[in-house]
Structure formats: structure tokens, C-alpha cells
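Below is one structure; the comments refer to it alone.
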Amino acid sequence: MSGLLNKLEGIVGQRHVLTSESATYPFRKGFRFGLGRVEAVVMPHSLVELWYVAQSCVQADRILIMQASNTGLTGGSSPDGNAYDRPIILVSTRHLKGIHLVGGGKQVVCLPGATLYELEEILSPIGREPHSLIGSSCIGASVLGGVSNNSGGSLVQRGPAFTEMALFGQVDEKGALHLVNHLGLRLKGDPEQVLAAVEKGTFSPDDVEWSAGRGHDADYIDRVRDVDADTPARFNADPGRLYEASGCAGKLVVFAVRLDTFPAEKDTAVFYLGTNSTEKLEDLRRAVLSKFDEMPIAGEYLHRDTFEIADHYGRDTVVAIRYLGTKHLPFFFAMKEKIDLLSQKVSFFPDALGDRVLQAMSRLFPSQVPKRIMAYHKRFEHHLMLKVSGQFADTLRPWLQEFCKDGDMASFECTADEGKRAFLHRFAAAGAAGRYAAVNRKTTGGMMALDVGLRRNDREWFEKLPPEVDNKLVVKLYYGHFFCHVMHQDYVVKQGYDPVAVEHEMWPLLDKRGARYPAEHNVGHLYNAPQSMLDHYRSLDPCNCMNPGIGRSTKRKNWVAESV
């Protein structure tokens, strides 16, 4: 064993330094993409331990990959193959739990392992909500991971995850690690004292600097309302949303972030709409965003094919959330992870065993789609779930009736149960393509997923692929955050085709439309980061020792160009 591994064991304990292929596999295998070797996976249990681990790895000239929940969809927190010029230490922060309320809950300080679900649970009793709510692509996603990747969300008024307030370790051009406190908390002492105080929450109201910086993307409402703008409302490479920890993509060792929270809407209504006209749906989007003083809470789009796949391949997810709640889902995801790991070890078990088991269970349940919504599925190709405040509902109700009177669109107001199940069905769609591809692995060529920010003035928002691309696909699933013009587009390719190669054929088509991608899940190791994003990464990490290769950039030390 190397001297570094002995040192790391001395910091976190022997059982928290993993080196075997089987023990490290769940960490070095990305949620949907990415796999590579690591020298070790280290699991610190305090911020001070994380500081010592980072110092030791930097001094030993190791690559550091920071990983929270490992729920990213583009492989951004796992190794990308094995073509690295230095050994990798992957640091899992999932044990570094902790959330502290600031200003009575108007803001929060979140540690690296804090999850979105845990933040919702803490804020709910005081009538507050976080930037995002469960309903994104992954149960168990971390708060800090969302900030690091400028992740999006389904809520129309809140935009991408963003803050200017963070506590982080940064490696300078000489290879030295420094602690930077931009958290807006007056904390005294050496790094160990500062980190211990943040972890324990031992700071007083007098220590809070209220002018330290923005805690969310406050300009987003104005951007999304500008329906005539020739650019997307949000995308990961937007230079205006790259600031230190926000959008750092693992180029910093982030110990804590400070974020705004929001008043929870208690009185809400859900309208379900259906149409066969993309033009009619776009007319509605533009009208709702520009004609009314109030904005919707959420406006989620679902295509008929996605509806069908979600009903068959996401039914168990809906059942689990309806009857058990979201708090038990991380346990089931962990069990699935263990089953998948077992299938890797035992040769006669099929691949994706966890998905196959869950799909077999799913077939035991009846459809979870309410009857009125299922009737719309049979009538309409395009579906929209519109959630608004009770006050806005009073205004919107007669307006929708008038808007739909020509017969090109129909709508109804959901009961509380229908509204809940409609959004659960939309949530299940996010994982349905992956399940479909997993259980049909022998007859398909795999899947790919795009999250696309469309121009705000794009009236031709629904994708039309040329035959030479379309003929390579088994299924195309379209769903997304319609009022933000952010679309999730999942594809399963036919057997014999490479999903990555087919996706690369689609990029010029999106470029021609003025779309930006990715819009929510960040570049990871799948997408080419534009120069502005690479400049951001280089300013944060001049030695390229933190998560090198992100955005398909060089993996070599000091940003030395790869040989061709």
C-alpha cells in the first residue's frame, strides 16, 4: 500500500478507504454514464477530515474527483475511462450531512452531503421551500451537486441553482490548497476552526453578512418572461451563472453553500391540458408568460409516446411515491444499486438485474394514471400540466375556458389526487427511457439523453428529425419544463448503432435551431464545454488537478494539450 493510502487511512479510518474493484465500483461507475479506475475511494465524515484528505492528495500530486450523490446524468462526478496522467482519488461526501437555517429559514447553509429531500423536510414545517423540489431526474440528488452544475428544475420562477456564497478549497497554480470563505459568515481561526464551526452551525445571527452576495438567480423571472428573445432562458454554459462554486463542476473542494429559500405555496390548483397542435401550445405559453402579472408555479410538458412509456416503465416509481412517500426512495435506489453490483459479479445473472426486478414488480400494479387523464392520452398528442397559486387559478380559470373554445385544445381542473398523480406520472417519465433501454438491452443499442434550452422565441419548438437520423431510433421521448422552453429528449437507438455517434449527428441540428445544450445536467464528460466555460474552469483550477477532462477538455496536468 502506498504512503498516501496509509495517510488517508490515518485521517478517515481504514474502513473508509476503499481500494478493491468491487468496493469502488458504485462510486466510479456513473449513474448513467462513465466508468474508470481509481486508486481509492475515500469517505470523510467531517469537514476537517475532508480538508486533510484534500491537502494530502494535492501534496501527493493526485487527481481529485469530488462526488456527492453520484446522480449526475453526464458522468461529471466519476472517472471517464483510464486515460489520465496521474492516479485518481475519488472523494465521496455523502456522509457529510448537515443543513443550518439562517435568518429564521430565509436562507440555509448546506454541507456537501445534504440532499434535496432533506432540505425539503427541514423547510416544510416553517412554510418554506428550496430552489428545487423533488421531481427532477434523480431521487437523492444533493443540494451542493445542483449548485456545482447549475442544475435546472421544474419551477418556472426560480431558474438554475445559483449562489455567490460558498466556502471552498482552491488549488493555486503552484499546487497549494487554500481555504476561501465567501460564505458570508464571519468566522475566525485557522481552516480547521472555520470548518468545524460551519459543520456544527456555531455561528450567531451577528456573524451573518446579509450583503455577501446573491443566494439565487433573481433575474430569471425577467428572462423567462421575455418570450421574444432569440436566446434560451437558461443553459449550463451561461457566463452570467458561472461564479466560483456555482457551475464549478468539481473544480473546487466545496465545503458549504448558502442559498435562499422561498415561501411555500399552500393553496394551489393544477390544470391538465391536451392538444394536437404544437402552435396552440406555444400560443398558450407566450400568452400566460406575457399577459398576466403572476407566473405559473410549474408547467410540465409530456408527449403521448412519453406518456405511454412512463405508464409501462415507471409505474412502480409512482406507486412507491404515492404510498410510501419520497423519504423511502433512497433506500430502494440503494437496494437496486446492490442488485446491479451483484449482477456484475455473478456471470450468469443478466445485466441491469435491478431494473429487471423492478420492472417485473411494476407489472403487478394497475395503471396509476387517473381516468380523465388517460382519456386525454387517447385524444391528444401533447399534454401540459399547469400548476398555479389559488389566486392565479381564479384568474386563469375563465381565461383558459375562453382560450380553449375553438376546440384545438381542451382542459380541465384536476382534483387534488389527479393533480398529484399527474405530476408523479411526469416525474416517472424521467427514468422511463433508461428502464426501457435496460430491460430491452438485447434488442436495442442503448440510450442517450439530451436536455436542451430552446430559444425563447422559437415557435417551432417540437423536434423534427431528418430520416437519416430518425431511422436509427427505436423510441423518442419528449418531456420538459415548457414555460422555460427546456426540453428533455431521450432516445433509444436501434441495435447496431452507437448512441454517442447518433447524438453527435443531432448536435448540428440543434445548433442550427439556436438551441443550447446541456440546459440542466451540465457538460460532464459528454459535451464540449464552450470557451467561456473552459475559462471559468481554468480560473478555478489552474493546475487541472480537480476533475480534469470535464467538458471534454484535456486531462493532463497544467492544462497541457492532449496529443493528437
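For the single chain, residues carry numbers from 1 onward in sequence order. Small disclaimer: the values here were computed from a predicted structure and weren't measured.
Within 6.0 Å of the NZ atom in Lys464, the count of heavy atoms belonging to other residues, nucleotides or ligands exceeds 12. The local environment of CZ in Arg37 is sparse, with at most 12 non-hydrogen atoms from other residues, nucleotides or ligands closer than 6.0 Å. Residue Met374 places its CE atom among more than 12 non-hydrogen atoms of other residues, nucleotides or ligands, all under 6.0 Å distant.
When all heavy atoms of Pro499 and Gly446 are compared, the closest pair comes out as CG-C, 3.9 Å. Taking each heavy atom of Ala529 and Val523 in turn, the nearest pair found is CA-CG1, 4.2 Å. Contact record, Gly152 with Glu520: CA-OE2, 3.5 Å, taken as the closest heavy-atom pair. What you find for Leu144 and Pro112 is that their closest heavy atoms are CD1-CA, 3.6 Å. Here the shortest heavy-atom pairing between Glu39 and Thr19 reads O-CG2, 3.8 Å. The shortest non-hydrogen separation linking Glu300 to Ser154 is OE2-CB, 3.6 Å.
If you check the side chains of Arg286 and Ser290, you find no donor sitting under 3.5 Å from an acceptor. With no hydrogens or angles considered, a side-chain donor-acceptor pair links Asn528 and Arg552 at under 3.5 Å. Under the 3.5 Å distance criterion, with hydrogens and angles disregarded, no donor-acceptor pair is assigned to the side chains of Gln359 and Tyr313. Of the N and O atoms on the side chains of Gln495 and Tyr497, not one donor lies less than 3.5 Å from an acceptor on the other residue. Side-chain atoms of Tyr479 and Asp490 include a donor-acceptor pair closer than 3.5 Å. Using a 3.5 Å distance cut-off with no hydrogens or angles, the side chains of Asp311 and Ser367 do pair a donor with an acceptor. Side-chain contact check for Gln368 and Arg322: at least one donor-acceptor pair (N or O, by modelled atom type) lies under 3.5 Å. A donor-acceptor pair shorter than 3.5 Å cannot be found between the side chains of His536 and Gln531. Inspection of the Arg426 and His383 side chains reveals no N or O donor paired with an N or O acceptor under 3.5 Å. Remark: the Asp511 side chain and the Tyr517 side chain contain an N/O donor-acceptor pair separated by less than 3.5 Å.
Distance alone, capped at 3.5 Å, is enough to place a donor-acceptor pair between the Asn544 side chain and the Arg556 backbone. With hydrogens and angles disregarded, no donor-acceptor distance shorter than 3.5 Å links the side chain of Asp458 to the backbone of Leu454. Side chain of Arg315 to main chain of Phe365: a donor-acceptor pair is present (N/O by atom type, distance under 3.5 Å, no hydrogens or angles). With hydrogens and angles disregarded, no donor-acceptor distance shorter than 3.5 Å links the side chain of Ser362 to the backbone of Leu358. In terms of modelled atom types and a separation under 3.5 Å, the side chain of Asn558 and the main chain of Val560 share no donor-acceptor contact.
The shortest distance between side-chain heavy atoms of Asp305 and Lys476 does not fall below 4.5 Å. Taking the side chain as every heavy atom from C-beta outward, Met66 and Val254 never approach each other to under 4.5 Å. At least one side-chain heavy atom of Met448 sits less than 4.5 Å from a side-chain heavy atom of Val502. Counting only heavy atoms from C-beta outward, the side chains of Tyr436 and Leu477 never approach each other to under 4.5 Å. Side-chain contact between Thr231 and Arg223: absent, with no pair of heavy atoms (C-beta onward) separated by less than 4.5 Å. In this structure, the side chains of Lys251 and Arg538 stay at 4.5 Å or more apart for every pair of heavy atoms. Counting only heavy atoms from C-beta outward, the side chains of Asn457 and Val227 never approach each other to under 4.5 Å. Between Gln67 and Phe27 the shortest side-chain heavy-atom distance falls below 4.5 Å.
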task = Determine, stepwise, if the pair Phe307 / Val369 fulfils side chain to side chain contact (heavy atoms under 4.5 Å, CB included).
result = CA-CA 10 Å; Phe307 187 111; Val369 178; 3.5 Å; yes
request  = Could you go through the side-chain hydrogen bond (donor to acceptor under 3.5 Å, both in side chains) check for His485 and Glu282 one step at a time?
outcome  = CA-CA 10 Å; His485 252 201; Glu282 179 61 20; 3.0 Å; yes
request  = For Arg456 and Val224, run side chain to side chain contact (heavy atoms under 4.5 Å, CB included): C-alpha distance rounded to whole Å, both residues' side-chain angles, the deciding distance at 0.1 Å, then the answer.
outcome  = CA-CA 7 Å; Arg456 285 165 280 175; Val224 78; 5.8 Å; no
message = Is there a side chain to side chain contact (heavy atoms under 4.5 Å, CB included) between Leu465 and Leu473? Walk through the geometry before answering.
response = CA-CA 10 Å; Leu465 293 171; Leu473 305 174; 3.6 Å; yes
request  = Verify side chain to side chain contact (heavy atoms under 4.5 Å, CB included) between His525 and Asn547, making sure each step is shown before the conclusion.
outcome  = CA-CA 10 Å; His525 291 290; Asn547 204 15; 4.2 Å; yes
key: Check against salt bridge (Lys or Arg N to Asp or Glu O under 4.0 Å), Asp283 and Arg459   = CA-CA 8 Å; Asp283 286 341; Arg459 299 192 66 90; 2.2 Å; yes
task = Check the pair Lys472, Glu505 against salt bridge (Lys or Arg N to Asp or Glu O under 4.0 Å), reporting the backbone distance first and the verdict last.
result = CA-CA 11 Å; Lys472 298 174 182 177; Glu505 290 184 61; 2.6 Å; yes
task = Could you give me the CA-CA distance, side-chain angles and deciding distance for Glu418 and Arg372, then say whether salt bridge (Lys or Arg N to Asp or Glu O under 4.0 Å) is met?
result = CA-CA 9 Å; Glu418 286 175 329; Arg372 286 202 292 178; 2.6 Å; yes
message = As a quick check of understanding, evaluate side-chain hydrogen bond (donor to acceptor under 3.5 Å, both in side chains) for Tyr478 and Glu463, giving each step before the final call.
response = CA-CA 9 Å; Tyr478 298 101; Glu463 183 175 66; 2.6 Å; yes
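In this structure, Arg86 CZ and Ile88 CD1 are separated by 9.0 Å, a value rounded to the nearest 0.5 Å. The OG1 atom of Thr275 sits 6.0 Å away from atom CG of Asp408, with the distance rounded to the nearest 0.5 Å. Note that the OG atom of Ser151 and the CG atom of Asn236 stand 7.0 Å from one another [nearest 0.5 Å]. The CZ atom of Arg225 sits 8.5 Å away from atom CG of Asp222, with the distance rounded to the nearest 0.5 Å. Between the CZ atom in Arg234 and the NE2 atom in His481 there is a gap of 5.5 Å [rounded to 0.5 Å]. The CG atom of Asp85 sits 5.5 Å away from atom CD1 of Ile63, with the distance rounded to the nearest 0.5 Å.
Annotation: cation-pi geometry satisfied between Arg379 and Tyr376 (NZ/CZ under 6.0 angstrom from ring centroid, within 45° of ring axis).
A distance below 6.0 Å separates the ring centres of Tyr301 and Trp461.
With Val38 as reference, Arg28 is the one residue of Arg28, Arg62, Glu21 to meet the side chain to side chain contact (heavy atoms under 4.5 Å, CB included) rule.
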